[in-house]
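Comments concern the structure below.
Below, chains carry the letters A, B, ... as their sequence lines are ordered, and counting in each starts from 1. Keep in mind it's a predicted model, so treat the numbers as computed, not measured.
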Amino acid sequence: MTPDDQLALYARARFARAFEAAVARARDAGEVPGVVHLNGGQELVELGVFHQLDGARDRVTGSHRSHGLALAAGIAPAIVAAEIMGRTGSLSGGLGGTQHLVPAGGLFMGSNGIVGGQVPLAAGAAFAARSKGNGGIAVAFFGEGAAQQGGVMETMNLAIVLGLPLLFVCVNNGWAQSTGADASAGAPLASRARAFGMHAESVDGGDLGAVDAATRHLVSQIRTNGQPAFLEAHVSRVGGHYHGEDQGYRKDGKLTDPLDRLRATLVEAGVTAANLHRIEEEAEARARAAFEEAALEPMDDPSTLALWARDLGGLT
Amino acid sequence: MTPDDQLALYARARFARAFEAAVARARDAGEVPGVVHLNGGQELVELGVFHQLDGARDRVTGSHRSHGLALAAGIAPAIVAAEIMGRTGSLSGGLGGTQHLVPAGGLFMGSNGIVGGQVPLAAGAAFAARSKGNGGIAVAFFGEGAAQQGGVMETMNLAIVLGLPLLFVCVNNGWAQSTGADASAGAPLASRARAFGMHAESVDGGDLGAVDAATRHLVSQIRTNGQPAFLEAHVSRVGGHYHGEDQGYRKDGKLTDPLDRLRATLVEAGVTAANLHRIEEEAEARARAAFEEAALEPMDDPSTLALWARDLGGLT
Amino acid sequence: MKQMTIPQAVAEALHQVMAADPAVFLIGEDLAMGGVFGAAKGLKERFGPARVVDTPISETSFLGLGIGAAMSGMKPVVEIMFCDFLGVCFDQLMNQAAKMRFLSGGTVSLPLVIRTTMGAGDGSGAMHSQSNYGLAASVAGLRVACPSNSADAAGLLKTALEGPDPVVIFEHKGLFDVETPADPELPPVPFGKARTLRQGADVTLVAIAAMVPVALAAADHLAKRGIGVEVIDPVTINPLDREAILASVAKTGRFAVLDEGAAFAGVADALVSLVVREAFRSLKAAPAAITPPHTPVPYAPALEAAWLPDAARVEAAILKMMEDV
Amino acid sequence: MKQMTIPQAVAEALHQVMAADPAVFLIGEDLAMGGVFGAAKGLKERFGPARVVDTPISETSFLGLGIGAAMSGMKPVVEIMFCDFLGVCFDQLMNQAAKMRFLSGGTVSLPLVIRTTMGAGDGSGAMHSQSNYGLAASVAGLRVACPSNSADAAGLLKTALEGPDPVVIFEHKGLFDVETPADPELPPVPFGKARTLRQGADVTLVAIAAMVPVALAAADHLAKRGIGVEVIDPVTINPLDREAILASVAKTGRFAVLDEGAAFAGVADALVSLVVREAFRSLKAAPAAITPPHTPVPYAPALEAAWLPDAARVEAAILKMMEDV
Ligand SMILES: Cc1ncc(C[n+]2csc(CCOP(=O)(O)OP(=O)(O)O)c2C)c(N)n1
Ligand SMILES: Cc1ncc(C[n+]2csc(CCOP(=O)(O)OP(=O)(O)O)c2C)c(N)n1
Ligand SMILES: [Mg+2]
Ligand SMILES: [Mg+2]
């Protein structure tokens, strides 16, 4: 990754963080209906992977914690914001919401309310890419908690047996809600992936260089050999499981924010404080603007529901 | 295992084989309603494991292919035969059948029509044994095809995380119906089990000495440390996936029958041909007798169904 | 009588049964923190990790563990955080738990309780808001309970642990903030005994779980218009107190069911079907099934509110029925 | 017209659609050997392993693969060997497949077909004999088809691959040995168009899949007693041709449904409920829901035969209805 790339990525990460802060404010203000899972702490992993992807042929599925993936995939922030707020002008017109961001096409296929539910779907995208023979790959993002779902493990084996170009990205933030990672799995997840027959790497998800090196290598390997691979990225969950959660169970102390760490690297590399400051302000302003724009959208009109009821109800 | 034990086990294995031959004959004669999955080829694994078990505290679950487990657990052969024929005087009075042998208690908990469905149940038996603190263990028998079910993989991880005294016995007969083992899994199953965090061994299931050594070691280890372990036993499926199957897909050639192999060992160890012959005749006679006894049982009376309908229907 | 929420009552009932019976244990996700809705509060501290078992996110294996433990003399209480997650362990529910006693010819008992939550109304979206007790009730071998208040939630749990069949208790999240009166001893509540919450001469209205308060509100309004609505809470769906329902219909001659479950082939259809098959000659008007539309639960507040049946819809349905002569 | 069994017709339809459309692929267990019932015969040889995909026994992941592929421009045909196995992949059915188009606001299409088999009668026991299309039909977002003959099995499959919604086709094993006539081109069969198989003035009898021949036999017998039974095969459960059913009931004034599915909260209850809500004033007698009892499928032949509805039960139910005046 060039220094320019790093800086651009920092800007995107800052924006993702600012976006989540805006989600949190909107939630506090009662403008978001349910519970929201923010992605603070895993931005570099998400953006690092997306840096290797190609919008014309690759596809990505995500978990309940996927605002960052939608943004990284290039969906307009105001559209994502409107989706989270349940407004029109969003992806679904108020039907989906934060855990079910399901765009019509493009890089991002959707977030998912069922832990692990998105992982088999990525196998389908990988299969489609293989069928089209366009060198595309699929990426499934999921947490270390989700790795314990049967469907996720089945998919690892299936991807190997079928030879699917699929990158499993396990974002290990140490927690599955209040369950510590050591209570989720009895052994390291990367070793497990290897035992399924995959190449697997484990990286510090707060270290952009490491993320970049690993993803670059894994993605190009998958494009070449058509076989799945596994990336585990250790990150810290900056906030609660969901915004506003009382994290009484949490004892992992003060965290180094990966964005601060990247910032320090950039400073060291000679990026001026003014430049960084401008980037940060811009991120903040763009996030606010997205939510302001979304808030202008009307609340969805319940009449759409009647149309759906007719359609899905299937009473001809 | 003492030579006497070996001989006794040979007698039980011969009986199991004769029992399955009788099932096949009953099926051909139209006395068994549906499809039956015979266990020919895996007798030594089943009996070798049971040799280490204790009827007062251990429990076992099995797959669709579990006649042998029911017999090994000491259920009267005529009762098992009656169950397979759908008669009264059986375990369930005609409700369960070959894939659903569900005894009231004792060593054997049941066979299962859903591939892998029995494996989580064994975790429950292991949990119960742990709660009672009686040193009991549970054993889950399943095929190498079943190892690809999510629930089976989840249970491996769960057993490790919770520390359950559970022996996973994967009977790898090379086939899941018509699917070869190499098309089921992308990597060796024992390594996978190790990667979940378990002690795992792989043995030739046709070699009684190897089975005995491995099970003896694993069972005593589980009783001591309360942790799960994994045994993979390679066997040959002597017959079709089910009795009468056209095995057009099968290309694994002529098989060495593990019973013949054990017989040869016994001959070498000095057991007389007459003695072996007597054992074999007896096995045959007892198997026939079990089916004759079962065939005397009346077909089940449909009136029981009305009672069940009332009960489960729950219309007070 | 004490005022309690459903999670408080359930937690208290669990304290009582776990203290009384060492065979009872609790298993599920995030129990150490008291369960995500507080229904496991204080249990892990008191009974320890051997009896309050936190699990990985592996519903198939830990529900199966519950079944196997029940077959081995234990009394498991398995918590499935949201009933929307029953899909990932549905085989263990539909084939393993439901059929085992039958397949054993009745010799094996499964004193297993599956506690789960349900319901729309809190903006949780399509995969955290379902009320799919109809799915469970359609599977032979399962018992299904849908408490509408704290005393029932606790009492049904106690009864469930004494029966031979697996029971799924669906607790409605929309009721979790409401305190309702409960005897502090939380006595067992019988299965298959409906509760008539309000007498009425004109219409029998069966309402389930969070629909009970909606039904009562509608009945209040309708009373002012001179229409007597008899409101029945079935308490359990299997067993179902069909006598109570049919006796009421024999009196009123009109039947409606108010159900947050499936619009097609759910409990509403089952009850309409039952009533019309058994009490056709008593019926003076077409019965009504008041359910959400046949769509997933929408996310946006206005849509979700439109999706959920409310008192106005109930009133309209009943008024129409009264005019149907 | 050619005489074909359902597996033959399905295999032939698959040959045709796979030859015509490179987006179609087949995925499931034991397909290389032609599928365990022969519905994939010759496909792997002809189209190769890239389009006829044999899998490990991992229904969750390969059904999910189908969904994801459908979201990415493919047209997957996923074979779940027996519908009893839907439990192990029920989340992918209930939450992923069913809800995705809705959650996308209608922008994502899922031209996904799930073929599965169902039905009792062959001594397969409780976990290989269920007919749980009611479960699927109760989940909003799924389309459900239940063909009763080879032409429909093939034609519905073709139509299903052109729609935006996931379709589950339940093929009844009890019909697999029967040859029925089919146009060799196997033209697409529309969803939501019931077929009136026999006219009758007295009773409307809806029968599903393998219950269709049972209904026709009962209608024959009843005709000899002067009772005219109109037999309707709904062909698809969702969409459901309620016009055809209601028009018939308007004519006959009596309604019965014959359904091998769930005795409680299944399709039988859904149809009774629909008819009584929409056509109450036309009904001259209590409708009948003829289903198996609410138990798992028993194994022994005598029990299984008693469990399955037969023509005698249908006749008795209809005779009772005719007397109910
Ligand atoms: C099948 C299922 N079980 C449980 C849940 C509830 N739940 C939602 S998120 C979560 C924790 C997920 O942990 P992890 O996979 O590590 O992701 P993270 O939240 O840490 O990003 C749980 C238990 C669910 N949504 N689906
Ligand atoms: C969930 C599920 N999927 C598929 C089947 C159909 N089926 C029954 S046995 C079998 C093969 C099992 O292979 P394996 O586990 O190796 O056991 P084996 O038959 O070799 O003993 C299959 C696919 C089933 N019963 N359950
Ligand atoms: Mg996590
Ligand atoms: Mg095998």
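At a 4.5 Å heavy-atom cutoff, the contact between D:D91 and chain A is made by side-chain atoms alone. Looking at A:L101, neither its backbone nor its side chain comes within 4.5 Å of chain D, counting heavy atoms on both sides. When heavy atoms are compared at a cutoff of 4.5 Å, A:A122 does not approach chain D at all. Heavy atoms closer than 4.5 Å to chain A are found in the side chain of D:R143, but not in its backbone. Looking at A:L91, the atoms closer than 4.5 Å to chain D (heavy atoms on both sides) all sit in the backbone: N, CA, C or O.
Looking at D:T236, its side chain does come within 3.5 Å of a backbone N or O of D:G192 through a donor-acceptor pair. D:S248 places no side-chain N or O within 3.5 Å of a backbone atom of D:I245 that could act as its donor or acceptor partner. Judged by distance alone, with hydrogens and angles left aside, the side-chain atoms of D:D54 form a donor-acceptor pair with the main-chain N or O of D:A32 at under 3.5 Å. In this structure, the side chain of A:R87 does not engage the main chain of A:P298 through any donor-acceptor pair within 3.5 Å.
Among the candidates A:A129, A:A126, A:A128, A:G93, the residue making the largest number of heavy-atom pairs closer than 4.5 Å to chain D is A:A128. Of the listed residues (A:G105, A:A125, A:G97), the one with the most heavy-atom contacts under 4.5 Å to chain D is A:A125. The candidate from D:N95, D:I27, D:L274, D:N238 with the greatest count of non-hydrogen atom pairs under 4.5 Å with chain A is D:N238. Note on A:E83, A:R59, A:R130: by heavy-atom pairs under 4.5 Å with chain D, the leading option is A:R59. For the options D:K99, D:R51, D:R101, heavy-atom pairs under 4.5 Å to chain A are most numerous at D:R101.
The neighbour count for A:R310 CZ, taken as heavy atoms of other residues, nucleotides or ligands under 6.0 Å away, does not exceed 12.
With hydrogens and angles left out, the side-chain atoms of A:H37 and A:T98 include no donor and acceptor closer than 3.5 Å.
Residues of residues 108-115 of chain A lying under 4.5 angstrom from chain D, judged on non-hydrogen atoms, are A:M109, A:N112, A:I114 by number. Among residues 138-159 of chain A, the residues having any heavy atom closer than 4.5 Å to a heavy atom of chain D are, in sequence order, A:G151, A:E154, A:T155, A:N157, A:L158. The interface of residues 70-84 of chain D with chain A, defined by heavy-atom distances below 4.5 Å, comprises D:M71, D:S72, D:M74. Residues of residues 60-69 of chain D that come within less than 4.5 angstrom of chain A, heavy atom to heavy atom, are D:T60, D:S61, D:F62, D:G64, D:L65, D:I67, D:G68, D:A69 in numerical order.
Between A:H64 and A:H241, the ring planes lie tilted relative to each other; the angle falls in the 30° to 60° range.
Interatomic distance, CG of D:D233 versus SG of D:C146, reported as 9.0 Å (0.5 Å rounding). Taking CD from D:Q96 and CG from D:L110, the interatomic distance works out to 10.5 Å, rounded to the nearest 0.5 Å. Distance OG1/A:T61 to CG/A:L121: 6.0 Å, rounded to 0.5 Å.
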With salt bridge (Lys or Arg N to Asp or Glu O under 4.0 Å) as the criterion, how do A:R223 and A:D58 come out once you've worked through the C-alpha distance, each side chain's angles and the decisive distance to 0.1 Å?
CA-CA 10 Å; A:R223 286 201 208 283; A:D58 298 332; 2.6 Å; yes
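The shortest distance between side-chain heavy atoms of A:P103 and D:T107 does not fall below 4.5 Å.
Remark: aromatic rings of A:F230 and A:F196 are distant, center separation not under 6.0 Å.
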